[in-house]
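Report on one structure; see the data block that follows.
Below, read A as the first sequence line, B as the second, and so on, with proteins coming before strands; counting in each chain starts at 1.
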Number of protein chains: 4
Amino acid sequence: MNARERSRRETRRRLIEQGTLLFSEQGVAETRAIDIARAAGVAVGTLYLHFKDKYDLLRAILFEGIEELLASLRALTENPPPSLPVFVRRHCEIMVFFVEEHPMLCRVLFDPESVRTNVSTEITEYLVEMQKKRHRAEIKKKELASMPDPLVSAHAVVGMMLHILDWWTRHPDQITRERLINTLTSLRLSGWYQNKPCIEKDVSS
Amino acid sequence: MNARERSRRETRRRLIEQGTLLFSEQGVAETRAIDIARAAGVAVGTLYLHFKDKYDLLRAILFEGIEELLASLRALTENPPPSLPVFVRRHCEIMVFFVEEHPMLCRVLFDPESVRTNVSTEITEYLVEMQKKRHRAEIKKKELASMPDPLVSAHAVVGMMLHILDWWTRHPDQITRERLINTLTSLRLSGWYQNKPCIEKDVSS
Amino acid sequence: MNARERSRRETRRRLIEQGTLLFSEQGVAETRAIDIARAAGVAVGTLYLHFKDKYDLLRAILFEGIEELLASLRALTENPPPSLPVFVRRHCEIMVFFVEEHPMLCRVLFDPESVRTNVSTEITEYLVEMQKKRHRAEIKKKELASMPDPLVSAHAVVGMMLHILDWWTRHPDQITRERLINTLTSLRLSGWYQNKPCIEKDVSS
Amino acid sequence: MNARERSRRETRRRLIEQGTLLFSEQGVAETRAIDIARAAGVAVGTLYLHFKDKYDLLRAILFEGIEELLASLRALTENPPPSLPVFVRRHCEIMVFFVEEHPMLCRVLFDPESVRTNVSTEITEYLVEMQKKRHRAEIKKKELASMPDPLVSAHAVVGMMLHILDWWTRHPDQITRERLINTLTSLRLSGWYQNKPCIEKDVSS
DNA sequence: GATGAATGAGGATTCATTCAT
DNA sequence: GATGAATGAATCCTCATTCAT
């Protein structure tokens with residue numbers, strides 16, 4: 001019984017693992033269900049035993065993979081650092097570290113097919129929602145200027161972060177992790193045109 | 001001869017027009033070549049007399065459609081307003097106005113298939129390139145802090161702008177055009193956390 | 001041991017019961033082996049311990065279910081009523097009563113899959129055979145005109161009866177049981193065009 | 001233009017022709033779309049250019065094939081012979097002749113798949129409807145006893161006729177065409193148990 | 001005896017593109 | 001130049017049946 005259940009979970013794990021690999025390597029649309037099954041060492045039918053269809057597997061890969069990131073972000077939100085700059089820098093760090101550790105997952109998340117099937121949109125919306133709540137709290141605490149719109153600025157952060165991270169997974173050599181974190185933190189804290197020393201530099205020391 | 005040439009151009013125009021309409025309504029991947037031809041009032045074969053294939057039509061739609069935007073942006077760059085805040089605001093305005101006037105084109109630009117086939121990536125890269133040059137010039141003129149990386153910050157602007165604009169074409173009722181421009185200008189000038197009055201507010205007066 | 005045997009029979013009974021239910025509700029071809037097993041509260045493998053395959057279950061359902069009908073018909077043949085009209089009416093009654101009491105079984109019997117796999121054909125042939133023997137006996141006894149062909153007229157009775165009964169299980173509200181029996185008896189005794197009072201009416205009194 | 005249209009029709013004709021052949025030979029469910037196309041000398045895609053799917057082809061085969069039969073039956077109804085027995089005999093003749101001339105079509109009509117997809121049911125219903133109207137007219141003219149139910153007796157005729165004809169296409173050697181027509185006419189006119197000379201015998205002379 | 005995870009053959013259908021007319 | 005019928009490769013998913021536990 002227990003052995004059977006263990007074997008079942010192991011099969012599922014291998015499908016997720018190989019699905020992530022193939023999806024990230026060749027793109028979701030270009031990956032055949034049968035190839036994933038073969039790579040996982042099972043028959044096609046088995047894939048459909050564990051997942052409704054190819055897109056159900058895609059969802060599982062993304063939602064289960066992203067869970068760790070969301071947990072870190074939630075932890076940050078629940079135990080926020082004393083100062084705002086430190087918070088923003090931590091937020092950037094978490095995302096950059098995650099991307100660095102899960103490059104394949106990110107390739108899948110940014111895959112056009114994830115977008116087309118609204119899987120990544122759901123995740124984006126969730127991040128936007130987290131950010132929006134945070135912004136609202138910050139406005140209350142007068143940490144954040146009463147921006148024209150918390151919703152828009154939340155979308156702006158998420159859009160900027162995701163776009164940059166997507167680009168970085170594709171061109172990891174263009175910038176080091178540290179400089180990337182510094183740049184992102186700086187942009188979020190003071191925008192593109194502040195002529196003063198970047199706040200986060202002091203912070204990281 | 002001349003009449004024939006005119007008729008030919010007219011056919012091409014209708015293919016572009018109906019292609020934009022259908023691509024934006026049902027998505028690029030979901031639109032059949034035969035449907036575009038039918039909507040344009042010609043036979044499928046005719047589509048292939050004007051365009052190498054379906055993606056050639058997609059490219060034509062996007063590059064010809066985006067030309068106007070690029071022209072406006074180039075004009076702005078070549079005759080920059082005296083002050084930086086005004087420049088940034090104009091830049092945001094141009095993009096928001098363009099999106100407002102060409103919602104269908106934007107839907108096509110952000111379509112997963114445009115992304116997948118790298119058509120929109122080319123356009124994005126072009127925008128990034130423009131932005132990067134601008135940033136470098138600004139750094140020289142000391143208007144811009146020597147950011148950790150002009151390339152990254154260029155990607156960040158473009159990513160933020162495109163993401164927001166994509167979202168706005170889908171949810172035009174969530175925010176007015178004016179508030180959107182204000183928000184974007186403010187974010188670019190002073191980031192998400194400046195506790196002082198938004199710079200562009202003085203400017204717009 | 002005895003308990004085990006009892007449990008085994010009980011499992012078999014439930015498979016037949018749920019098979020009949022599901023086959024009649026959704027059609028034989030559309031019913032999955034695993035659904036029948038689940039409905040019967042056992043695993044798929046268990047179904048295959050009791051029946052060679054899905055069609056073996058179908059056969060069991062039909063032959064065991066129809067046994068009662070055949071027994072009644074045999075009893076009628078072995079102890080025939082004195083007069084022919086009474087015999088025909090009894091014959092119709094038996095079939096109509098049976099259909100009324102086993103509507104699900106009839107739905108399964110008339111299912112295209114039962115026809116395709118010749119299961120219902122076997123039953124039809126058996127009924128035809130019974131009828132043919134009866135006709136031959138009747139011809140000998142001069143009760144039946146030396147029809148052009150006893151085989152054909154046997155097929156004709158069976159075809160007519162089955163078709164009508166199939167229709168009736170689907171449209172039970174179109175006619176009452178009594179009227180149906182009268183109509184069938186009348187048709188068999190005097191055909192479609194006899195202008196005299198229906199024979200069986202006197203009989204049923 | 002005209003040549004193209006002619007070629008298109010010819011292709012369609014060949015698909016219908018070969019579809020009828022293969023459906024009747026191996027059964028509808030067992031016949032692959034690609035086999036029909038190949039037999040018709042075209043690619044699979046072409047089949048789907050002419051018919052929505054395999055069952056659309058099946059419908060076309062049956063409805064177009066049966067049209068001739070329906071036309072004959074309508075002609076009979078519109079110009080009914082003077083006497084009822086002659087009418088019934090003509091009716092039987094038409095159906096028997098049709099079956100004899102189109103055995104493949106009949107095999108397809110009685111195919112379980114035609115039944116399952118309700119194609120043959122629609123045709124049966126149409127025949128029942130014709131018969132019901134006729135019965136009602138006959139009742140008015142006092143030719144037909146006020147049967148318990150014209151609907152049931154209509155279903156009974158159609159069920160009997162179709163069953164017999166189905167059987168005959170499978171066992172054409174069991175009875176000659178003439179005897180079959182005689183038997184059917186006799187059954188319809190006087191039922192299974194009339195001890196007098198068959199009416200239709202006089203008529204056919 | 002019972003279980004249920006795994007198997008894998010099998011076929012319908014789509015649609016971008018071509019090319020004879 | 002325009003037409004549109006024909007092409008056919010390509011892939012998803014189902015489900016009856018098995019057999020190791």
- Query: Quick one: which of dA5(F), dT13(E), dA6(E) gets closest to the side chain of V44(D)?
  - Reply: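 Nearest nucleotide to the side chain: dT13(E).
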
- Ignoring the backbone of H50(A), work out which of dA6(E), dA5(F), dT7(F) is nearest its side chain.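 Among dA6(E), dA5(F), dT7(F), the one nearest the side chain of H50(A) is dA6(E).
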
Would you mind reporting whether [Y] and [X] have side-chain heavy atoms less than 4.5 Å apart?
X: V115(C); Y: V115(D); value: no
X: T20(D); Y: I16(D); value: yes
X: E10(C); Y: R14(C); value: yes
X: H50(A); Y: R8(A); value: yes
X: F110(D); Y: L162(D); value: yes

- Which is it for E30(B) and E113(B) under the side chain to side chain contact (heavy atoms under 4.5 Å, CB included) test, yes or no, and what are the steps along the way? CA-CA 10 Å; E30(B) 287 74 20; E113(B) 208 66 3; over 6 Å; no

Gap between atoms [atom1] and [atom2], on [X] and [N] respectively (whole Å):
X: D53(B); N: dA16(E); atom1: CG; atom2: P; value: 10 Å
X: F51(C); N: dT17(F); atom1: CZ; atom2: P; value: 13 Å
X: R14(C); N: dA2(E); atom1: CZ; atom2: P; value: 11 Å
X: L49(D); N: dT13(E); atom1: CG; atom2: P; value: 15 Å
X: K54(C); N: dC15(F); atom1: NZ; atom2: P; value: 8 Å
X: Y48(D); N: dT13(E); atom1: OH; atom2: P; value: 4 Å
X: I34(A); N: dA9(F); atom1: CD1; atom2: P; value: 18 Å
X: L47(B); N: dA2(F); atom1: CG; atom2: P; value: 12 Å

- Task: Kindly determine whether I123(B) and L62(B) satisfy side chain to side chain contact (heavy atoms under 4.5 Å, CB included), including the steps that lead there.
- Result: CA-CA 9 Å; I123(B) 292 172; L62(B) 288 177; 4.0 Å; yes

- Query: Considering heavy-atom distances to DNA chain E, does G45(A) or A43(C) have its closest nucleotide positioned more toward the 5' end?
  - Reply: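 By nearest-heavy-atom nucleotide position, the 5'-most residue is A43(C).
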
- Query: Pairs counted as Watson-Crick or G-U wobble with both distances under 3.5 Å: what dot-bracket string results for DNA chain F, using | for bases tied to another strand?
  - Reply: .||||||||||||||||||||

- Message: Any donor-acceptor pair, under 3.5 Å, between the side chain of R32(B) and the base of dT14(E), if you only look at N and O atoms?
- Response: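 Check fails, no donor-acceptor contact within cut-off.
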
- Query: Under 4.0 angstrom, heavy atoms only, what part of the nucleic acid is S7(C) near: base, sugar-phosphate, or nothing?
  - Reply: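 Result for S7(C) = nothing.
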
- Identify whether any heavy atom of V42(A) sits under 4.0 Å from a base atom; if not, whether one sits that close to sugar-phosphate; answer base, sugar-phosphate or nothing.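 Sugar-phosphate, no base atom in range.
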
- Of A29(C) and E30(A), whose closest DNA chain F nucleotide lies nearer the 5' terminus?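 Nearer the 5' end of the strand: E30(A).
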
- Please check the phosphate of dA5(E) (OP1 and OP2 only) for any side-chain N or O of T46(A) closer than 4.0 Å.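 The answer is no; no side-chain N or O of T46(A) sits under 4.0 Å from OP1 or OP2.
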
- Quick one: is dT21(F) close enough that its OP1 or OP2 comes under 4.0 Å of any side-chain N or O from R4(A)?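 The answer is no; no side-chain N or O of R4(A) sits under 4.0 Å from OP1 or OP2.
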
